[in-house]
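As C-alpha cells, the structure follows; a few thoughts come after it.
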Amino acid sequence: TMLALRRASAFSVLILTAFLPLPQFAQDPAMVHYIYQRFQVLEQGLQKCTQATREYIQDFQEFSKNISVMLGRCQTYTSEYKSAVHNLALRVERTQREIDYLEYLREAEVCTESEDKMLAEKQVQGAEEEKRIRTLLNASCDNMLMGIKSLKIVKKTMDTDGSWMKDAVRDSPKVYLLIGSRNNTVWEFASIRAFMEDSTKPAPRKLILTHSWQGTGQVIYKGFLFFHSQGTPNEIIKYNLQKRTVEDRMLLLGGAGRALAYPRSPSTYIDLAVDEHGLWAIHSGPSTHGHLVLTKIEPDTLGVEHSWDTPCRSQDAEASFLLCGVLYVVYSSGGLGPHRITCVYDPLGTVIEEDLPNVFFPRRSRSHSMIHYNPRDKQLYAWNDGNQIIYKLQTKRKQPLQ
C-alpha cells in the first residue's frame with residue numbers, strides 16, 4: 001500500500017512538472033517559488049495520509065485478531081446454548097405430556113360425571129314422559145280388539161270413495177254422509193233408518209261447507225266436523241255444523257300431508273280418528289321412513305298433546321282406526337284382499353301384536369275407503385266400493401298397566 005502511494009505521488013509530480021514552463025519561458029522568481037511551496041504542502045499531506053493509512057491498517061489487523069478470538073468464543077457459546085436449549089425442549093415436552101395426561105384424566109372424570117348426569121336426567125324425563133302419557137290416556141277403557149263379529153251393509157251408493165259417520169260423543173241419532181274424496185257438501189240424515197231408506201221423511205238436510213275436504217279421514221266430534229282442508233298439505237279445519245262456520249284450524253307438523261297415509265286409499269293424506277281418549281290424527285311423511293305417525297290432538301284448542309312414531313308401515317295400508325288408545329292398521333294386497341290387521345301400536349305398551357289373533361275382514365271386491373271406530377256404539381263404520389258398512393267387534397280386556 002505504501003509503495004502504491006509513493007508511486008502515485010511521483011506520478012503526480014511528473015504530471016505537474018510536465019506542465020511547468022521551461023526556464024526560458026518562466027515569468028518571474030515569485031511564481032516559481034509559489035509553485036514549489038504548493039509542492040511541499042502536497043508532499044506533507046501525502047506523508048500524513050501515509051501515516052494515517054498505516055495506523056488504520058494496524059487497527060484493522062488488531063480488530064481482525066479480536067474478531068477471530070470472539071468468533072471462537074461464540075462458537076463455544078453456541079454449542080453450549082444449543083445443548084441447553086435442547087435439554088430445555090426435552091423438559092418442556094415431558095412436562096407437556098404430563099399436563100396432557102392430567103387434562104385427559106380430568107376430562108374423563110368430567111365426562112363420566114356428565115354422562116351419569118345426562119343418563120339420570122334422561123331416566124327422569126322418561127319417567128315423567130311415561131307418567132304424562134298415562135295421565136293423557138287415563139280413560140275408563142280397557143278393551144282390545146279380538147275379531148270381527150259380523151258385517152252389515154247399511155246402504156249402497158254409486159260412489160267409490162267417501163265417508164259416513166255418527167257423532168262420536170253426543171247421544172244423537174243423526175247420520176252424516178260425505179260423498180267423494182274432494183267435496184264440500186255434507187248430507188245430514190235424521191236417523192240410521194232415514195239413511196237406509198231414501199223415501200223416509202224427513203228428507204236429508206244439505207249442508208254446504210265454506211271449505212272443501214280432501215281424502216276420507218273426516219270425523220264428527222261434539223257437533224264439530226274435523227277434516228283435512230283441500231289444497232293444503234297439512235291444515236286441519238274444525239267446522240261448526242250448526243253455525244256453518246270455521247270454528248278453528250291448525251297445521252299438523254312432522255311432514256304431515258306430504259305422503260299418502262294409506263297407499264291403498266290414494267286420496268287420504270291425513271286420517272282423523274276418535275276413540276274413548278278423544279281426537280287423533282294418523283299420517284305419514286318424508287321423514288318417517290315409510291311408517292305411520294300417531295298424533296293426539298286436543299279438540300277444544302286444536303293443540304298437539306303428543307306424537308308417536310309407530311312401527312306400522314304405510315305400504316299396502318288401506319285404513320286404520322283407534323280403539324281404547326290402540327292403533328289398528330288394516331292392510332291388503334289389493335283386489336279381493338284379504339283385508340287384515342297386521343300391525344298394532346299401543347303407546348302404553350299394554351297391547352302387542354303377539355296378543356292379537358289374526359283379525360280378518362270379510363272379503364270385499366276393493367280396498368276400504370275408510371274405517372272409523374265410534375266409541376259411543378262400539379262399532380266400526382266403513383266404506384267399501386260404494387257400500388256403507390257396519391262391523392260389529394269382538395273385544396276382551398287388556399292387560400293391566402304395571
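All of these numbers come straight from a predicted model, not from anything done at the bench.
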Distance flag, aromatic centroids of Tyr381 and Trp164, threshold under 6.0 Å = yes
Are a donor atom and an acceptor atom from the side chains of Gln394 and Lys149 found within less than 3.5 Å of each other?
-> no
Is there a donor-acceptor contact under 3.5 Å from the side chain of Asn234 to the main chain of Leu252?
-> yes
Separation between CD (Gln44) and CZ (Phe39), nearest 0.5 Å, reads 14.0 Å
Asp142 CG to Cys324 SG distance, which is reported to the nearest 0.5 Å = 7.0 Å
Between the main-chain N or O of Ser172 and the side-chain N or O of Arg170, is there a donor-acceptor pair closer than 3.5 Å?
-> no
Donor + acceptor pair across side chains of Glu318, Ser265 (<3.5 Å) = no
List the steps and the verdict of side chain to side chain contact (heavy atoms under 4.5 Å, CB included) for Leu302 and Lys238.
-> CA-CA 8 Å; Leu302 289 188; Lys238 177 182 179 181; 4.0 Å; yes
Distance-minimising heavy-atom pair for Tyr269 and Gly257 = CD2-O, 3.5 Å
Of all residues at least two apart in sequence or in a different chain, which pass the side chain to side chain contact (heavy atoms under 4.5 Å, CB included) check with Val293?
-> His283, Thr288, Thr295, Ser307, Asp309
Answer yes or no on whether Arg205 is positioned over the face of Tyr176, meaning its NZ or CZ is under 6.0 Å from the six-membered ring centre and within 45° of the axis.
-> no
Taking the side chain as C-beta and beyond, is there a heavy-atom pair between Asp271 and Ser320 under 4.5 Å?
-> yes
Would you indicate whether Lys156, at its atom NZ, is surrounded by more than 12 heavy atoms from other residues, nucleotides or ligands within a distance under 6.0 Å?
-> yes
Check whether the ring centres of Phe226 and Tyr239 lie less than 6.0 Å apart, and answer yes or no.
-> no
Side-chain donor-acceptor pair under 3.5 Å between Thr78 and Gln75, yes or no?
-> no
Can you measure from OG1 (Thr301) to CG (Asp248) and round to the nearest 0.5 angstrom?
-> 8.0 Å
Go through the steps to decide whether Met146 and Thr395 satisfy the test side chain to side chain contact (heavy atoms under 4.5 Å, CB included), and finish with yes or no.
-> CA-CA 5 Å; Met146 291 302 295; Thr395 61; 5.6 Å; no
Give a yes or no answer on whether the side chain of Gln218 reaches the backbone of Gly215 with a donor-acceptor pair at less than 3.5 Å.
-> yes
Within the side chain of Lys174, is there an N or O that forms a donor-acceptor pair under 3.5 Å with the backbone of Glu188?
-> no
Minimal non-hydrogen separation, Ser314 against Ala261, with atom names = CB-O, 3.4 Å
Taking the side chain from Asp346 and the backbone from Val351, do they hold a donor-acceptor pair closer than 3.5 Å?
-> yes
Electrostatic pair Lys222:Asp167 at N-O distance under 4.0 angstrom | no
Main-chain N/O of Leu272 paired with His372 side-chain donor or acceptor, under 3.5 Å | yes
Sub-3.5 Å donor-acceptor pair from the side chain of Thr76 to the main-chain atoms of Gly72, do we have one?
-> yes
Any side-chain donor near an acceptor of the partner, Thr216 and Thr268, under 3.5 Å | yes
Please name the pair of heavy atoms, one in Ile270 and one in Ala281, separated by the smallest distance, quoted to 0.1 Å.
-> CG2-CB, 4.5 Å
Backbone of Asn384 reached by a side-chain donor or acceptor of Asn387 within 3.5 Å | yes
Any side-chain heavy-atom pair from Tyr373 and Glu276 closer than 4.5 angstrom?
-> yes
Interatomic spacing from CE in Met196 to CD1 in Ile153 - rounded to 0.5 Å | 11.0 Å
In sequence, state the C-alpha distance, the side-chain angles, and the governing distance for Leu292 and Arg313, and then conclude on side chain to side chain contact (heavy atoms under 4.5 Å, CB included).
-> CA-CA 6 Å; Leu292 295 175; Arg313 54 185 173 81; over 6 Å; no
Can Arg249 and Glu235 be counted as an ion pair, charged N to O under 4.0 angstrom?
-> yes
Is any side-chain heavy atom of Val329 less than 4.5 Å from a side-chain heavy atom of Ile341?
-> no
Within-4.5 Å side-chain heavy-atom neighbours: Val169 and Arg376 = no
Give a yes or no on whether the ring-centroid distance for His368 and Tyr262 is below 6.0 angstrom.
-> no
So, His211 versus Trp213, ring centres under 6.0 angstrom or not?
-> no
Heavy-atom nearest pair, Gly162 first then Trp383, reads C-CE3, 3.3 Å
For Gly278 and Tyr221, the nearest pair of non-hydrogen atoms, with its separation, is CA-OH, 3.8 Å
Just wondering, are more than 12 heavy atoms of other shown residues or ligands nearer than 6.0 Å to CZ in Phe360?
-> yes
Ring geometry between His277 and Trp280 (parallel below 30°, tilted from 30 to 60°, perpendicular above 60°) = perpendicular
Interatomic distance, OG@Ser181 vs CD@Gln230, rounded to 0.5 Å, equals 8.5 Å
If you measure from OG1 on Thr210 to CG on Asn184, what distance do you get to the nearest 0.5 Å?
-> 8.5 Å
Is the Phe195-Trp187 ring centre distance short of 6.0 angstrom?
-> no
Taking side chain as C-beta onward, heavy atoms only, is Met165 less than 4.5 Å from Ser163?
-> yes
Kindly indicate whether the side chain of Gln388, heavy atoms from C-beta on, has any atom under 4.5 Å from the side chain of Thr157.
-> yes
Of the non-hydrogen atoms in Ser212 and Phe227, which two are nearest, and what is the gap between them?
-> O-CE1, 3.6 Å
Hey, does Phe224 have a side-chain heavy atom less than 4.5 Å from the side chain of Asn240?
-> yes
So do Thr185 and Leu209 actually touch side chain to side chain, heavy atoms under 4.5 Å?
-> no
Test log, rule side chain to side chain contact (heavy atoms under 4.5 Å, CB included), inputs Asp275 and Leu323 | CA-CA 6 Å; Asp275 72 346; Leu323 189 156; 5.7 Å; no
Any donor-acceptor pair under 3.5 Å from Asn374 side chain to Lys378 backbone | no
Kindly say whether Ala194 contributes a backbone atom to a donor-acceptor pair with the side chain of Ser191 at under 3.5 angstrom?
-> yes
